[in-house]
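Written out below as structure tokens is the structure these notes cover.
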Amino acid sequence: MRVIAEYLQKIDPKSNGAKRDWVAIYDECASVLYQEIDYTKEAANAEKFARNFKNMDYVKVPTICWEYTTPQVLTMEYVPGIKINRIRALDQLGVDRQRLG
């Protein structure tokens, strides 16, 4: 992908006066992307979310299994549920679909 950024750097006429450093843009996006897909950060954010919503009984955040979580693997407890498109099952449970939405 960096090859594409280098190519854009060569052919972009920058005729509108804006400075675009395509290689720097690519490098920045690649760096941010790899930070975003670090599952240990995702796990920490899930725990923060759980703390923030702990007083709401209708919010369930799966517990993180830290002993099996790495930057490449996120392991959480299994939480059974019903897919939102299974309308009949939701209605049978008495779920208020408008509130759910």
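- Atom-to-atom distance recorded for Gln72:CD and Thr40:OG1 is 9.0 Å, nearest 0.5 angstrom.
- Nearest heavy-atom pair, Trp66 versus Ala43, reported as atom, atom and distance to 0.1 Å: CH2-CB, 3.4 Å.
- More than 12 heavy atoms of other shown residues, nucleotides or ligands fall within 6.0 angstrom of atom CD in Glu67.
- Linking Ile, Leu, Val, Met, Phe, Trp and Tyr residues whenever their side-chain heavy atoms come within less than 4.5 Å leaves Tyr58 and Val95 in two separate clusters.
- Linking Ile, Leu, Val, Met, Phe, Trp and Tyr residues whenever their side-chain heavy atoms come within less than 4.5 Å leaves Val73 and Tyr39 in two separate clusters.
- Residue Ile84 is grouped with residue Leu93 when hydrophobic side chains (ILVMFWY) are merged at heavy-atom distances under 4.5 angstrom, including chains of intermediate members.
- Val61 and Met56 end up in the same hydrophobic cluster when Ile, Leu, Val, Met, Phe, Trp and Tyr side chains are linked at under 4.5 Å.
- Although no hydrogens or angles enter the test, the distance criterion places a donor-acceptor pair under 3.5 Å between the side chain of Thr69 and the main chain of Thr75.
- Distance check, rounded to the nearest 0.5 Å: CG of Leu90 to CD1 of Ile82 gives 5.5 Å.
- For the pair Lys60 and Glu77, the minimum side-chain heavy-atom distance is below 4.5 Å.
- Contact between Pro71 and Asp38 at its shortest, heavy atoms only, is CA-OD1, 3.4 Å.
- Ile64 and Tyr68 are members of different hydrophobic clusters when ILVMFWY side chains are connected at heavy-atom separations under 4.5 Å.
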